[in-house]
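Computation of the quantities below employed the complete heavy-atom set of this structure, encompassing side-chain atoms and omitting hydrogens, waters and symmetry-equivalent molecules. Order of listing sets the numbers, starting from 1, for every ligand and every atom in it.
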Amino acid sequence: MNTEFIPIIQEIESFVASGATKSEILLNTCKLLKDKVYHYDWVGFYLLDERFSNLVLDSYAGKPTEHTMIPVGKGVCGQVAESCKLKIVQDVSQEGNYIACSIDVQSEIVVPILKEGKFVAEIDIDSHSPSPFTPDDEMFLTSICQKLSVLF
Ligand code: SME
């Protein structure tokens with residue numbers, strides 16, 4: 001993994017161990033990732049509300065979005081909630097099932113948080129750069145989601 005990512009993972013581990021609430025830990029993670037990784041321009045966590053098959057926006061860093069509730073299956077976020085698999089869209093203009101949040105967004109990565117194999121939440125990252133995501137981002141964000149899964 002990119003060595004620049006290692007101290008970020010360590011900081012997130014310390015957030016998890018801090019005894020802060022889930023939302024505080026998720027918010028600190030959003031702020032840290034947006035601040036430290038150049039191509040992460042909006043970082044947020046959507047949590048599954050099973051009763052209504054909806055994703056509900058919890059903490060985020062970046063511009064406010066009107067998409068605070070997303071039905072499972074809809075948009076990139078909803079697709080990941082259904083498949084339980086990480087999804088990268090390197091060019092959002094080419095994605096048919098996409099919910100636009102801002103005209104500045106060019107690409108997006110969504111990584112599921114699984115608890116005992118079951119989807120519970122996801123991290124959603126928008127980028128203003130074209131095609132910025134690499135296998136390093138996949139490894140980095142998958143590791144973070146695994147560490148955060150203990151909060152659920
Ligand atoms: N683009 C997402 C919607 C959420 S915003 O990026 C904050 C999607 O297609 O699901």
Side-chain angles (χ1 to χ4, degrees), residues 2 4-5 8-9 11-12 15-16 20-115 117-149 151-152:
N2 181 338
E4 284 174 31
F5 286 158
I8 303 177
I9 292 185
E11 199 158 344
I12 293 170
F15 294 158
V16 171
T21 65
K22 177 166 71 185
S23 287
E24 284 167 345
I25 295 167
L26 296 180
L27 180 61
N28 283 335
T29 301
C30 291
K31 288 181 180 165
L32 180 72
L33 290 174
K34 181 176 181 302
D35 189 40
K36 297 280 182 192
V37 185
Y38 174 79
H39 59 290
Y40 295 179
D41 293 297
W42 188 94
V43 181
F45 287 93
Y46 284 93
L47 275 46
L48 179 65
D49 180 350
E50 258 179 318
R51 292 166 302 168
F52 304 108
S53 278
N54 256 326
L55 295 166
V56 180
L57 182 62
D58 192 89
S59 305
Y60 69 92
K63 283 192 197 151
T65 173
E66 61 190 33
H67 301 292
T68 55
M69 293 236 292
I70 298 178
V72 170
K74 199 155 180 273
V76 182
C77 291
Q79 291 178 62
V80 170
E82 214 162 47
S83 68
C84 303
K85 294 215 170 73
L86 176 153
K87 186 168 169 87
I88 291 177
V89 179
Q90 299 282 23
D91 177 358
V92 295
S93 72
Q94 300 301 308
E95 172 63 42
N97 188 0
Y98 173 67
I99 303 165
C101 276
S102 142
I103 49 159
D104 298 325
V105 176
Q106 300 219 32
S107 49
E108 177 161 2
I109 183 168
V110 181
V111 184
I113 299 177
L114 305 176
K115 178 92 183 174
K118 225 173 131 266
F119 178 89
V120 287
E122 62 189 22
I123 188 167
D124 175 23
I125 299 177
D126 289 341
S127 179
H128 299 170
S129 306
S131 302
F133 301 114
T134 69
D136 260 353
D137 294 281
E138 294 190 33
M139 233 185 294
F140 174 54
L141 295 170
T142 300
S143 162
I144 290 170
C145 286
Q146 197 240 320
K147 290 180 195 303
L148 294 174
S149 69
L151 302 174
F152 292 85

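At a threshold of 4.5 Å between non-hydrogen side-chain atoms, the residues Asn2 and Phe140 do not count as touching. Using a 4.5 Å heavy-atom threshold, the side chains of Tyr60 and Trp42 count as touching. Contact check for Glu108 versus Ile125: no side-chain heavy atoms found under the 4.5 Å cut-off. The side-chain heavy atoms of Val76 and Ile99, taken from C-beta on, include no pair separated by under 4.5 Å.
Under a 3.5 Å cut-off, the side chain of His39 and the backbone N or O of Asp126 do not form any donor-acceptor pair.
Ion pairing of Glu95 with Lys87 is present here, as a side-chain N (NZ or NE/NH1/NH2) and a carboxylate O approach within less than 4.0 Å.
Residue-level contacts of ligand 1 at the 4.0 Å heavy-atom threshold are Trp42, Tyr46, Ile70, Gly75, Val76, Cys77, Tyr98, Ile99, Cys101, Glu108, Asp124, Asp126.
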